[in-house]
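Here the structure comes first, spelled out in structure tokens, and everything after it is commentary.
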Amino acid sequence: MDSEKLTRNYYSKLIRLQSTEALSIWVGAEVGLSFLRSLSDGFAYLTGFLVYLVLSLLSLHRRVRTFLAMAGMFGILYLIISFFPLVIPLSFGLFIPLMTYVMLIDYGDLTSPALTTVTGLVSALSTFPKNLELVIAFYLVVGLFSYLYLILVNRKGKSITGISSLNIVRPFLKAMSYRRDEEVENFLEKISTEFHSSTLVLKLGDLLLVLPRIHFGMYGKVGSSLFPYQLEELMGDRVIVFHGPGSHEIDVASSKESRKLAQLISSRIKEGKWKELKFGGIKFLSQDRFRMTSLVFDHVTLNFSERPGYGIDDLPGGLWDESLKTGNFLVDCHNESLKEEIGHRDERALREFISRKIPVTEERPLFVGYGESEIKSTCEGICNRKVKALIIGDGEKRILVGYIFANNANEETGRLLQEKFGNMFDKVILVTPDDHSCTGTSFGNLYAPAEPCPLIVDALASAIEKAEAEYKRADAKYMIVDGKVKVIGKFISSMVEGLEQVGSFAMRTFWIPVIFPYVVLLILLLGNYLIKF
């Protein structure tokens, strides 16, 4: 199940609102038109609209743009209804379901429909309706129907995850609306589980290559999204953090927990209890649909894993345990967006590959060069303008690892680098850390891979020049850092399953409460015509 693809699908349904100024002009114009209509229909018409605006603003005072957008949409409906005097007292009830949905971010499942019902009813009463009992009954029926629908949605989620659907969704919506990431992290810490994380650290000269057993998510500053930056902040620039096997189930629950892990790794590195390594050279290997560029040492092997033509994204997390046994570690290069899901065939191939220890047949010299540069302007999909160039050689072969801070990359991006630098090296490898620090931070596209951009090539060319200037022979050492950290764990699978099932149900049925008041209104109008209330 592709959690990121699924999330992108529902995230794209969120609405991007216009500016506050534009929305204010829109609503102001509607108030002016309502005033003009009240000159012929009576000022109770304008009074009802103004009361509705005031009560709605009180409920949504923390989200003024949302209030203005909803008021603007209602204003159009209210102006149309001015031509039907009988309907005016009931018109405020037509938006109860929509306003209930909007208020769910700030209020509970009962409070939201109750607030919208009271807002509508008080506004209706301010128009001095003739059939008071009928008006009150209409609002209570519509409000109750909206509440019952929420109960149904919540029960569907609870049957899957054990937690009501809206209790899961609300912290994320609050974080997006108010930039209150602590809402999400508090929720994640409540459902988190303690996890034994191990980190491979390779020291090549004075350069550190770090492969931690965590996933860099969830998004923005939440969880372990900032882990590569946190470790770099602690250790300095000469560190590259790679993405290993595993997906969102090993997202660290909070940025605080993520920093604790970064501090643990940093302290172990500074203690300097390294194990010496002999370099066996660079090997180009393959296993079924995977292509490996392997740095072979006598105790560990670091394999840059790619899946050309099919894409690569979040290798199975269970591969870690086998890697710890054999010392054969995988770097998920995350350099080509998925065209085909990673399935059982691929997992079997990778297990077979890492179960074998690659022997060192002869010791080879290790050469390392490292350089950094910055992209001069924004490129689509880039989370940070810094780029890193790592050149590694064994006296015969030389490879380039081009590292950019992005959440995967378009296939053309890797091809662009290959065309530019392929004649300089035996292999050019694009690597991203599956960077989630710039994903899900605003309404719009949730995950954007790095698109082909000449400015990336220019920045990498500058970094390569610096790496070449310091390219020299180096010693190799390594350590494994063990630590405990709180991660989301298996709950993420239940949450994704819940999102898939409940989200599908909600997308198919959300319109039912929306049209319900119109159906009731039609029945009342028909009844009034036939019976005369």
Side-chain angles (χ1 to χ4, degrees), residues 195-204 208-216 240-250 265 275 277-336 338 340-361 364 366 390 392 394 397 399 401 408 427 429-434 476-483 487:
F195 179 72
H196 181 89
S197 177
S198 51
T199 300
L200 170 68
V201 184
L202 277 177
K203 190 172 188 291
L204 309 181
L208 299 170
L209 307 184
V210 180
L211 185 67
R213 190 180 187 177
I214 60 169
H215 183 267
F216 310 134
I240 306 180
V241 181
F242 294 115
H243 183 293
S247 187
H248 288 281
E249 72 278 358
I250 50 174
I265 295 170
K275 296 179 181 178
L277 288 171
K278 293 180 180 179
F279 188 45
I282 300 168
K283 295 185 183 295
F284 303 126
L285 305 170
S286 63
Q287 188 77 28
D288 197 7
R289 300 192 288 191
F290 288 92
R291 301 294 175 267
M292 309 289 184
T293 303
S294 304
L295 305 181
V296 181
F297 299 91
D298 55 344
H299 295 299
V300 297
T301 300
L302 190 66
N303 304 281
F304 293 94
S305 312
E306 303 174 276
R307 197 173 65 140
Y310 299 97
I312 186 166
D313 196 313
D314 290 354
L315 301 177
L319 298 170
W320 264 102
D321 292 325
E322 191 66 32
S323 291
L324 288 170
K325 293 176 186 176
T326 62
N328 204 1
F329 291 90
L330 298 173
V331 171
D332 180 348
C333 289
H334 246 84
N335 59 6
E336 185 180 333
L338 281 181
E340 182 179 316
E341 293 294 324
I342 294 172
H344 295 301
R345 168 185 172 180
D346 299 301
E347 184 172 359
R348 283 196 302 270
L350 290 172
R351 284 192 182 280
E352 185 178 339
F353 178 81
I354 62 175
S355 65
R356 301 191 304 265
K357 183 172 176 59
I358 302 174
V360 173
T361 55
R364 310 244 0 130
L366 172 65
L390 170 62
I392 297 178
D394 65 2
K397 297 184 285 292
I399 64 169
V401 176
N408 217 312
K427 186 68 180 291
I429 309 166
L430 172 64
V431 175
T432 79
D434 188 20
K477 303 173 183 177
Y478 85 104
M479 69 170 63
I480 302 291
V481 179
D482 293 312
V487 299

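Reckoned from all heavy atoms, side chains included, excluding hydrogens, waters and symmetry mates.
The environment of Lys278 atom NZ is sparse: at most 12 non-hydrogen atoms of other residues, nucleotides or ligands sit within 6.0 angstrom. Counting non-hydrogen atoms of neighbouring residues, nucleotides and ligands closer than 6.0 angstrom, the NE2 atom of His344 reaches no more than 12 such neighbours.
Listed here is the closest heavy atom pair of Phe242 and Pro212: O-CD, 3.4 Å. In plain terms, the two heavy atoms of Ser294 and Leu285 that are nearest each other are OG-CD1, 3.7 Å. Considering all non-hydrogen atoms of both residues, Ile342 and Asp346 come closest at CA-OD2, 3.6 Å. Across Gly244 and Asp332, no two heavy atoms sit closer than the pair O-CB, 4.1 Å.
Side chain of Glu336 to backbone of Glu306: no donor-acceptor contact under 3.5 angstrom is found. Formation of a donor-acceptor pair under 3.5 Å by the Lys203 side chain with backbone atoms of Lys477 is not found in this model. Checking side-chain atoms of Thr301 against main-chain N and O of Val296 turns up no donor-acceptor pair under 3.5 Å. In this structure a side-chain-to-backbone donor-acceptor pair under 3.5 Å is present from Trp320 to Pro245. Side-chain atoms of Asn335 never come within 3.5 Å of backbone atoms of Ile429 as a donor-acceptor pair (strictly under, hydrogens ignored).
Tested against Leu209, the residues Leu302, Val331, Val401 include a single side chain to side chain contact (heavy atoms under 4.5 Å, CB included) partner, Leu302. Checking each of Arg307, Arg345, Arg348 against Asp288 for a side-chain hydrogen bond (donor to acceptor under 3.5 Å, both in side chains) leaves exactly one that passes, namely Arg345.
Remark: Leu277 CG to Leu366 CG distance equals 9.5 Å, nearest 0.5 Å. Taking CD1 of Ile392 as the reference point, atom CG of Leu390 lies at 4.0 Å (rounded to 0.5 Å). Between atom CD1 of residue Ile214 and atom OG of residue Ser197 there is a gap of 6.0 Å, rounded to the nearest 0.5 Å. The CG atom of Leu204 lies 14.0 Å from the OH atom of Tyr478; values are rounded to the nearest 0.5 Å. Between Ser247 atom OG and Leu315 atom CG the span is 10.0 Å, to the nearest 0.5 Å. Separation of atoms CD (Glu249) and CZ (Phe195) is listed at 8.0 Å; rounding is to 0.5 Å.
Residues Asn303 and Asn328 have side chains that bring a donor and an acceptor to within less than 3.5 angstrom of each other. Under the 3.5 Å distance criterion, with hydrogens and angles disregarded, no donor-acceptor pair is assigned to the side chains of Thr326 and Lys357.
Proximity of Ser305 to Ile312: side-chain heavy atoms (C-beta onward) are separated by under 4.5 Å at one or more points. In this structure, Ile282 and Leu295 have side chains that are in contact, with non-hydrogen atoms separated by less than 4.5 Å. Contact of the Lys275 side chain with the Ile480 side chain is not registered, since no non-hydrogen atoms from C-beta on lie closer than 4.5 Å. Between Leu208 and Leu202, the closest side-chain pair of non-hydrogen atoms is not below 4.5 Å. With a 4.5 Å cut-off on side-chain heavy atoms, Leu324 and Arg213 count as touching. Looking at heavy atoms from C-beta onward, Val431 lies in side-chain contact with Phe304 at the 4.5 angstrom threshold.
A salt bridge is defined here as a Lys NZ or Arg NE, NH1 or NH2 lying under 4.0 Å from an Asp or Glu carboxylate O, and Asp394 with Lys283 fails to meet this definition.
A cation-pi arrangement is not found for Arg364 relative to Phe279, the charged atom failing to lie both closer than 6.0 Å to the ring centre and inside a 45° cone about the ring normal.
Taking the six-membered ring where the residue is Trp, His248 and His215 present tilted rings, their angle falling between 30° and 60°. The aromatic rings of His243 and His334 lie tilted to each other, with the angle between the two planes from 30° to 60°.
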side-chain hydrogen bond (donor to acceptor under 3.5 Å, both in side chains) for Gln287 and Arg356? Distances and angles first, verdict last.
CA-CA 12 Å; Gln287 188 77 28; Arg356 301 191 304 265; 3.3 Å; yes
